[in-house]
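Okay, structure first, notes after.
Indexing begins at 1, ligand by ligand and atom by atom, following the structure's order. Both backbone and side-chain heavy atoms feed into the values below; hydrogens, waters and symmetry mates do not. Residue numbers start at 1 and run along the sequence shown.
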Amino acid sequence: MPDGFAEFAFTPEVEAATLPLWNKVKARITPLEWRLQAPLIAAINSLKAEKNAVILAHNYMTPEIFHGVGDYVGDSLGLAREAARSDAKIIVQAGVHFMAETSKVLAPDKTVLIPDLNAGCSLASSITAADVRLIKQRYPGLPVVTYVNTTAEVKAETDVCCTSANAVQVVEHVARLWGVDRVILLPDEFLARNVARQTHIGIIAWQGRCEVHERFTAADILELKAAYPNAQVLAHPECPAEVLEVSDFAGSTAAMSDYVMTKKPKQVVLITECSMADNVACDAPDTEFVRPCNLCPYMKMITLENIYETLLHDRYEVTVDAAVMMRARAAVQAMIDMPPLAVPARYDLVKARHHVDVELI
Ligand code: 13P
Ligand code: SF4
């Protein structure tokens, strides 16, 4: 326990209040860790009620956050939808900065807090609004789709957002709407290449990378498959195409979780950020998880301690310039408003192999 948190004791009251949560996470958290975490979890949960706050926790949060204090958990798309729906006065984003900005854009009247303002994202910092303006000059008349892993200023320059869960559907929808056969899809090169494998729409892409997913290689997957021949390998579409090529399934974090919960594989490997497997494992006791571990340094900046301090001191507030907010909201809302049938719960990148037409900017 860091300095300043010593007064949080594992009392019988705390033990009783957190027992249902303990039962959920005990396969992943040791009793020693729990005795340190449970008092903070209890304190956070009572502060939330006192302040009319909710915590939106991304799938990459550690299990004590995800299962212990998250009111809504899920992928970027699910959390964005929840931010728009929530009645709470305060939203605490247990995730990275672009997610908090998206919440603010969708819920401008709420106070949106993030426990650490440095929780960034290599994809979000790979492109600026000025870059997008130049791209639009270079490709006039083509729609710009941006991944939600971007700043609000970048979203404000774009026509519609997408997440890893709906990128193919958004690209096809927007191409139909604009009557074009090419779409600009920013900023993740690998997501763009993986989308291109599933559609006949030509894709113009930027060279942004997720520093977590770009580290996986096809050789890693083949090595895992050789060591665990019965394991199902599920990979995130931010991975290089060669990784998805040798995986059994590809999808957003929510789609991977859904795959495990519905198909109940005996053994599984999640090719994504490391905490995700811990969180799904708490809900899937009959599945064995093989655990290659790449951590997102930005997601890991969010801790129980700084969530507690966030709620206690109402810090750090995430704000977005009013004009930027209005334009960014139009792009995010355009995604949310897409017909429900066009946004399936999961999709399979591996099975679909169209010609790949990607032009890198
Ligand atoms: P999801 O949209 O799949 O939750 O992914 C967000 C993210 O940051 C992946 O690295
Ligand atoms: Fe960004 Fe990658 Fe971290 Fe997701 S895992 S927040 S895309 S750096």
Item to complete: Check whether any N or O atom of S252, backbone or side chain, sits under 3.5 Å from an N or O atom of ligand 1, and answer yes or no.
Response: no
Practice prompt. Would you mind finding which of E238, K300, M276, M299 brings a heavy atom closest to atom 6 (S) of ligand 2?
Written response: M299
Discussion item. A quick test of your reading: do over 12 heavy atoms of other residues, nucleotides or ligands sit less than 6.0 Å from CD of E33?
Written reply: yes
Discussion item. Within ligand 1, which atoms have a heavy atom of S164 less than 4.0 Å away?
Written reply: 1 (P), 2 (O), 3 (O)
Worksheet item: Is E273 in contact with ligand 2, taking contact as a heavy-atom separation below 4.0 Å?
Response: no
Practice prompt. Please work out which of the three classes, parallel, tilted or perpendicular, describes the rings of Y308 and F8, given edges at 30° and 60°.
Written response: perpendicular
Practice prompt. Go through ligand 2 atom by atom and flag the ones less than 4.0 Å from a non-hydrogen atom of L123.
Written response: 7 (S)
Discussion item. Quick check on contacts: which atoms of ligand 1 are under 4.0 angstrom from a heavy atom of D75?
Written reply: 1 (P), 4 (O)
Worksheet entry | Numbered atoms and elements of ligand 2 in range of N149, under 4.0 angstrom, heavy atoms | 7 (S)
Worksheet entry | Spatial distance of atom CG (N23) from atom SG (C282) [nearest 0.5 Å] | 11.5 Å
Worksheet item: Would you call F190 and E214 a side-chain contact if the rule is heavy atoms closer than 4.5 Å?
Response: yes
Item to complete: Return yes if a side-chain donor-acceptor contact under 3.5 Å exists between Y228 and E288, otherwise no.
Response: no
Discussion item. With side chain to side chain contact (heavy atoms under 4.5 Å, CB included) as the criterion, how do R85 and Y72 come out once you've worked through the C-alpha distance, each side chain's angles and the decisive distance to 0.1 Å?
Written reply: CA-CA 11 Å; R85 249 192 316 249; Y72 301 98; over 6 Å; no
Worksheet item: Without hydrogens or angle criteria, can the side chains of S103 and K110 be said to hold a donor-acceptor pair below 3.5 Å?
Response: no
Item to complete: Give the residue, atom name and distance (to 0.1 Å) of the protein heavy atom nearest atom 3 (Fe) of ligand 2.
Response: C296 SG, 2.4 Å
Fill in: Sub-4.0 Å atoms of ligand 1 with respect to non-hydrogen atoms of E238
7 (C), 9 (C), 10 (O)
Practice prompt. Flag H58 as yes when one of its N or O atoms lies below 3.5 Å from any N or O atom of ligand 1, and as no otherwise.
Written response: yes
Fill in: V171 side chain reached by I203 side chain, heavy atoms, under 4.5 Å
yes
Item to complete: Look at atom 8 (S) of ligand 2 and find which of G120, G95, S122 reaches it with the closest heavy atom.
Response: S122
Practice prompt. May I ask you to identify the nearest protein heavy atom to atom 2 (O) of ligand 1, giving residue, atom name and distance to one decimal place in Å?
Written response: S76 OG, 3.0 Å
Practice prompt. Identify which of M99, E273, M276, H236 has a heavy atom lying nearest to atom 5 (O) of ligand 1.
Written response: H236
Worksheet entry | N149: numbered ligand 1 atoms lying under 4.0 Å from its heavy atoms | 7 (C), 8 (O)
Fill in: H213 neighbourhood, listing ligand 1 atoms whose heavy-atom distance to it stays under 4.0 Å
10 (O)
Practice prompt. Check whether the side chains of T62 and E64 place a donor and an acceptor atom closer than 3.5 Å, and report yes or no.
Written response: yes
Fill in: N, O or S from C210 under 2.8 Å to atom 1 (Fe) of ligand 2
no
Worksheet item: Which residue holds the protein heavy atom closest to atom 1 (Fe) of ligand 2, what is that atom called, and what is the gap in Å?
Response: C121 SG, 2.4 Å
Discussion item. For a quick check under 3.5 Å, do T272 and Y60 share a side-chain donor-acceptor pair by atom type?
Written reply: yes
Worksheet item: Are side-chain N/O atoms of S275 and D278 paired as donor and acceptor at under 3.5 Å?
Response: no
